[in-house]
Structure formats: structure tokens, C-alpha cells
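Because the structure is a prediction, the values reported are computed rather than measured.
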Amino acid sequence: MPKLKVDGIEVEVPPGSTVLQACEAAGKEIPRFCYHQRLSIAGNCRMCLVEVKPGPPKPQASCALPAADNQEVFTDSPMTVKARKGVMEMLLINHPLDCPICDQGGECDLQDQALHYGADTSRYAENKRAVKDKNMGPLIKTIMTRCIHCTRCVRFVDEVAGVPTIGALGRSGDMEITTLEQAVASELSGNVVDLCPVGALTSKPYAFNARPWELTKTESIDVMDALGSNIRIDTRSGEVLRVLPRLNEDVNEEWLGDKSRYACDGLKRQRLDRPYVRRDGKLRPASWPEALQTVASKLKATAPEKIGAIVGDLVDCESVFALKQLLDGLKVASMDCRQDGAAIDPACRAGYILNAGLAGVEEADALLLIGTNPRVEAPVWNARIRKAWLENGLKVGVIGENADLTYRYSYLGAGAQSLQAVANGSDDFAKVLENAERPMVVIGQGALARADGAAVLAAARAIADKYAGGAAGFGMLHTAAGRVGALDLGFVPGEGGLNTAGIVDGAASGEVEVVFLLGADEIAPSKLQNAFVVYQGHHGDHGAHAADVILPGAAYTEKDATYVNTEGRPQHAYRAVFAPGEAREDWAILRALSGALGAPLPYDTLAGLRAAMCEAHPHLGATDALSEAEWGEFGAVGEMAETPFASPVRNYYHTNAIARASETMARCIEELLPAATKATGTNG
């Protein structure tokens, strides 16, 4: 390991480290614009200049200079200080002086470094260069005159997103960053706004809304997919203005999907802000006591076997736990959290989580994807797969849709026949799995939400047993943020109970008289017309359209809650704003309903609820930790249909009630999706 001195401090760094990394190891701050630890080295901004001895008698770019034994690095010598001032003067030659109207104002790297490392005067008196703004789609606002050609955006879309739509034209003073007037067609495009060190690329939906010092910042968890990406919610005056990623190396690194980042405007549209009760065929406003008493009276008058409950994709653990306790008190056995009908076996936890963890794919050398398209189901994890493919030579095999996943893979086939070929070893990719040291088998909801889903799951389990060491190499990629938590809590049919399909069919036939929908918005209202429907949720979406009583709940930004991601990691979301109008947190509504039923739940506070939940399910109390799950039997061996596996996400921008209410997501659909995808409307 190289040993060198940085301003007289001796440091030892790993082989292959740069001088810049050595300086950071010594606690020295080095200014930079083009360098980013997750991107390749460009070395073109020259802001990171340092003096190095022995070496040429001139400052050197520390980001591109390998650290070596016996080097002496000076980060604040007169030569270094003068060089940085000269570089900053060059960078500001053409940069417009429009900080007061720039959305980067207050959180701009160029502002900060000009203050600390720049000169206080400029010798440049000529006219500044002007550059035409470019079209980068509905999410990225461009003011390209501000661009300093750091090429972070170019490297990100090429290396991380895998959609090389941003590039450079021209040279020297005529160089321009451009997309050739095309929108950046990537589910991760918004990350270039975070990467841009100046105001050249900013958020188009957020433009001119607020200054950073006006915002209240709340750390929370994203629910737009099942990754549980760590986010920061920025609010002002009780309104969510933007969502940004937080660093978590084990989950989302520092990236965030576009839907997670920009669908937040859907939180203020089509909201349910007061209870409603259907009278004379129309939903009419009601008071809380009236709405709760209406529901309680109907539940009391209905036999338990004629009551069913379905939990939606965005529901937190506390609400699921409270609803299950309420239903158990009523002796209701018909309940389910699998809106899509996925054949997930709740008896074995290792059978429905990603056992190796999201970061585990970087250690894998072979990956089999079954019935999943991670690019639209979990774009941030898809970028991690691409990183493993680029850096570690990960070999990927796909059974399902032959889609553009941003990396090369072996396409094994569309459905069950190809799955069986891998299981019996007749497919060539079976040999890849067999020879791999750390293989992974990941099955998606597209292979499970079908009549033969249990048989497909059993076949995937057999492949994991045969080639991947059982639980260590088996994983399930979910699309619903609340699914794993609800499965952990046992929100599945009890003895003699009906699943989602049974509840819906029973409602149509009259066998099920009352259906309780907790945030369940993916079921067609027409299928529930013959039942008395109670909808508890936050948006006037599909579930509310079918309702006879509406109980307005809180969205994920409006409550303290626990979510368990697809790898089985419990994480806490925190309230950033209050729910609108008379809406209340879901667990509190259920507690009030239990009181109206005359059997109040045994807690009055969120802390009391959590204590009861963690006592019954201890692993939910281990926040941000992965609990090892025991490998066992799951799935059911049987015949598999030849119907091709298809991802459940047909339209990335419209997968839940919040996204469907978002104007920004609607613009993305118009500009970024092909006509065939737009026609599907929602997930289906």
C-alpha cells in the first residue's frame, strides 16, 4: 500500500488510489467539479490542482494522478492557491452572473468554491459566450450558458443509467453538452440534476418554487417501488416541494428513480380530505362519528365469513398490524395483501425476500432474472446490476420479456419451458450457474401473478437449491413497498378464508357482502359493485370510486411509519407534513373504528402500537438491519402454462394512486413513452 505525505501528514492508501483520495484520507478538502467517486475520472475541470514532489514544477490534477510511495503533496502551497484562482477565473469567464434567479443558488458548488478558492477580481472584459438551451425532456431544465463542461451528466447517463443520450459536440470554446434535442429516456434521468455542480441542469417541475434556506428537510423512505430508497423530503408551509435521495450504500447508494423524485406533486391532487358516505347512490360528505358508526354497524350486522379485506401496495406495517388485529377480533379470515394475486407463499420468509440483499448483486458472478424487468420495477437496483456487469463481468440470464435492461444478457426464453430447461440443466445458462461461485436467482411478480404462479415459484426454488445454495442465492423482487411488511405480519387468508381473487369473485356473486379496502387501488371498481365497500386511503382513485364509505387516510409523507423493503430490511419513514383537512393516520382511524365496534384495540399511541407489533414480530424492531430467514418449502410443484412471463409494470410512471395523480408523471408519459404503452393506462 502506497505511503505518502499530505501537508506533512503521513497516510497509507489502498493500491490504485489517487492523490485526491489520499488527500481526503488525510482530512484535506480538495475542490473539484468534474470528479465524482461513482463516475469514471475525466480530469477536465482542473480545479483539484495540487503541488506534488518529486514531480514536474507545476501543479497537477490530483483526481487523475495515482498515489505513490514517497510522494509529498501540498494542498495549500502558494503555487496551488495561485493555480486554483486561475482555474476559477477561467471557469467564470463565460458563466453568467444570474445567481439571484438560479435554482442552484444556495446549494451550488460553483458558488461555494468561487468564494473559498477564487480571486476577488476578474481580468476578463470581453463579451461572454451564449449557448442555446437544450431539450432534455419534461424533468430537466437546461440553461447551458452556465455549463462548465464537467461532463458529469455525460458520464452518468453512459455509465450508470446505461442510456447514452447526453454527449458533447465541438471542441474548446465551441464545445456544447447536448442530447440532439431528444428527451433523456431514462428512469434515472433526474440524478443529473444532483450531479450538476452549477445551474446548467436543474429540476423543471421545481423551477422557481423555493430557495433551499426556506425549506424544512425531513429524512424518510420512498414507497414508489419496493427498494425502500432513502430520501429527503423538502417542505414549505405544509406542502411537499421536492424529494431528493439520501446516501445509503446498502440500499440506493445516492441515486433515486424519477418517479420517486418527481411524483410528489401528486400528493396535493385528487386528495381525500374528509369522510364520505354513499346515500341515494351518491357519495356525500359526512362527519367522522357518522362514517365510523356506519362502518361499525355494517360489520356488526354481517357474518365474519361474508367480510373480506384487501391491503394495498403503499400501506405501512403499523396500519396492517392494526387492521389485522381488528379483523381477528371480528373472526374474519378472508384477508390478503397480494392485490395482484401473486402466488407468494407466506409460510417461508426466505421465499419472498431478496436474501442476498440489494448490494449482494455486486458480489454475484451469475444472475438469473425470472419474470421481472428491473429497469422499470426497480431502476436504482437495475443500475447496480449494470455496475456489476460493467466492473465485475456479471453474467445475466433472462427468462421473460426481451427488454432493454441497459446491459447485455443471455435471453433464455419467454416462459415456463425455458425455466424448466434451466431446472433440468439442458439450457446453456444452467452451466453458467453451476460454475459460478456466487450465483443469484431472482424471481419477479410477473412470473407469480398468474394461475400457475405457485408452480413457477416451486421451479425457481428448485433452481436455487440446485445451483445457488438455497436461500443464499434466492431472491424475490417486489414492486409494492408495503408487500413484504404485510406478509411478515401474516396479512393473508386464515383457515377457510378467501384470497384477493376469492374476495373479488365473492363480492360479484354476493357471497362476500362487505369488502374493506385499505389503500387498495389496483382493483377495478366494477368488480365490487354488489358489495358494501369501505375504502380507507388518501387519493380519490380506483378504490374510492367503488366505495360506499370513504375514510380519508394519510400518505407516506404524512405519517411516522415502518416499511420493509424487498430484501426484508425494516426502515422508518417520518412525517414531513400533516394530512390535509380531516384526514388522519391510518392506524388512528382503525383504532377509532375498533372503539365504534365496542372492542377497542389495546393501544392509544403509535409507540404503544409499535411495541405490540415488535413484540409479536421482533425482527420489525431491528431498524435498517437484515434478519436471516430460514430456508424451507414453498411453492407447489405442478404444471406450468406456456404463457410468456410479463412484467406487471407496463407503464413506469403510473403504478400507484400518487403517481396517477401527478401532472409531472402525465407529462413524462406524453413525452417519453411510446403510444402502445400509453394505451395501457395503468399497470395493466
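Asp541 and Gln270 share no side-chain donor-acceptor pair at under 3.5 Å. A side-chain donor-acceptor contact under 3.5 Å links Thr372 and Glu377. A side-chain donor-acceptor contact under 3.5 Å links Tyr535 and Asp521. For Gln325 and Tyr603, the side-chain atoms include at least one donor-acceptor pair closer than 3.5 Å. Judged by distance alone, the side chains of Asp222 and Ser260 do bring a donor and an acceptor atom under 3.5 Å apart. A donor atom on one side chain and an acceptor atom on the other are not found under 3.5 Å apart for Thr623 and Gln571.
Taking the centre and axis of the six-membered ring of Phe532, the NZ or CZ atom of Lys298 falls inside the cone set by 45° and 6.0 Å. Figure legend: cation-pi geometry between Arg461 and Phe474 absent, as NZ or CZ is not positioned both under 6.0 Å from the six-membered ring centre and within 45° of its axis. Lys259 forms no cation-pi arrangement with Tyr653, by the criterion of a distance under 6.0 Å to the ring centre and an angle within 45° of the ring axis.
The main-chain N or O of Thr294 is never found under 3.5 Å from a side-chain atom of Ser297 such that the two would form a donor-acceptor pair. Between the side chain of Asn382 and the backbone N or O of Leu405 there is at least one donor-acceptor pair closer than 3.5 Å. Between the side chain of Asp336 and the main chain of Thr500, a donor-acceptor pair closer than 3.5 Å is present. Distance alone, capped at 3.5 Å, places no donor-acceptor pair between the Glu671 side chain and the Cys668 backbone. Here the side chain of Asp316 pairs a donor or acceptor atom with the backbone of Ser319 at under 3.5 angstrom. Distance alone, capped at 3.5 Å, places no donor-acceptor pair between the Arg274 side chain and the Trp288 backbone.
Taking the charged nitrogens against the carboxylate oxygens, Glu585 and Arg591 have no contact shorter than 4.0 Å, which rules out a salt bridge. Ion pair Arg483/Glu522 not flagged as a salt bridge, since none of the NZ, NE, NH1 or NH2 atoms sits closer than 4.0 Å to an Asp/Glu carboxylate oxygen. Between Arg271 and Asp273, none of the side-chain N atoms (NZ, or NE/NH1/NH2) sits under 4.0 Å from a carboxylate O, so this pair counts as no salt bridge. Using a 4.0 Å cut-off between charged side-chain N and carboxylate O, Asp234 and Arg232 make a salt bridge. Between Asp265 and Arg269, no side-chain nitrogen of the basic residue sits less than 4.0 Å from a carboxylate oxygen of the acidic one, so the salt-bridge criterion is not met. A salt bridge links Arg246 and Glu219; the closest N-O separation between the charged side-chain nitrogens and carboxylate oxygens is under 4.0 Å. Between Lys282 and Asp280 no salt bridge is recorded (no basic side-chain N to carboxylate O distance below 4.0 Å).
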**Report entry** Test side-chain hydrogen bond (donor to acceptor under 3.5 Å, both in side chains) applied to Asn191 and Arg261, step by step
**Finding:** CA-CA 9 Å; Asn191 291 288; Arg261 184 186 294 266; 2.9 Å; yes
Query raised in the report: Stepwise, does the side chain to side chain contact (heavy atoms under 4.5 Å, CB included) test hold for Phe516 with Gln536?
Result: CA-CA 8 Å; Phe516 196 107; Gln536 181 176 327; 3.5 Å; yes
Report task. Apply side chain to side chain contact (heavy atoms under 4.5 Å, CB included) to the pair Arg278 and Val549, showing each step before the final yes or no. Result -> CA-CA 6 Å; Arg278 191 177 296 275; Val549 177; over 6 Å; no
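Contact check for Leu477 versus Ile443: no side-chain heavy atoms found under the 4.5 Å cut-off. Between Val320 and Cys337 there is no side-chain heavy-atom pair separated by less than 4.5 Å. Two residues are said to be in side-chain contact when any heavy atoms from C-beta on lie closer than 4.5 Å; Val514 and Lys306 fail this criterion. Pro275 places none of its side-chain heavy atoms less than 4.5 Å from the side chain of Ser287. In this structure, His539 and Asn656 have side chains that are not in contact, with every pair of non-hydrogen atoms separated by 4.5 Å or more. Residues Val442 and Met476 are not in side-chain contact: their nearest non-hydrogen atoms beyond the backbone lie 4.5 Å or more apart. Within the 4.5 Å cutoff, side-chain heavy atoms of Asp258 are placed close to those of Ser189.
Note that the OH atom of Tyr276 and the CG atom of Leu283 stand 8.5 Å from one another [nearest 0.5 Å]. Atom OH of Tyr206 and atom OG1 of Thr664 lie 14.0 Å apart (nearest 0.5 Å). Once rounded to the nearest 0.5 Å, the distance linking CD1 of Ile307 with OG of Ser334 reads 9.5 Å.
Shortest non-hydrogen contact noted between Val515 and Ala531 is CG2-CB, 4.0 Å. Pairing each heavy atom of Pro648 with each of Gln445, the nearest pair is CG-CB, 4.0 Å.
Take Lys527 and apply the side-chain contact (heavy atoms from CB on, under 4.5 Å) test, not counting sequence neighbours, and it matches Val504, Ala524. Checked against side-chain contact (heavy atoms from CB on, under 4.5 Å), Ala286 has the following partners two or more places apart in sequence or in another chain: Val277, Arg279, Glu290.
Residues Tyr574 and Tyr556 keep their aromatic ring centres 6.0 Å or farther apart.
Sequence neighbours left out, the pairs with a member in residues 606-621 that pass side chain to side chain donor-acceptor pair (under 3.5 Å) are Glu318-Arg610, Asp488-His619.
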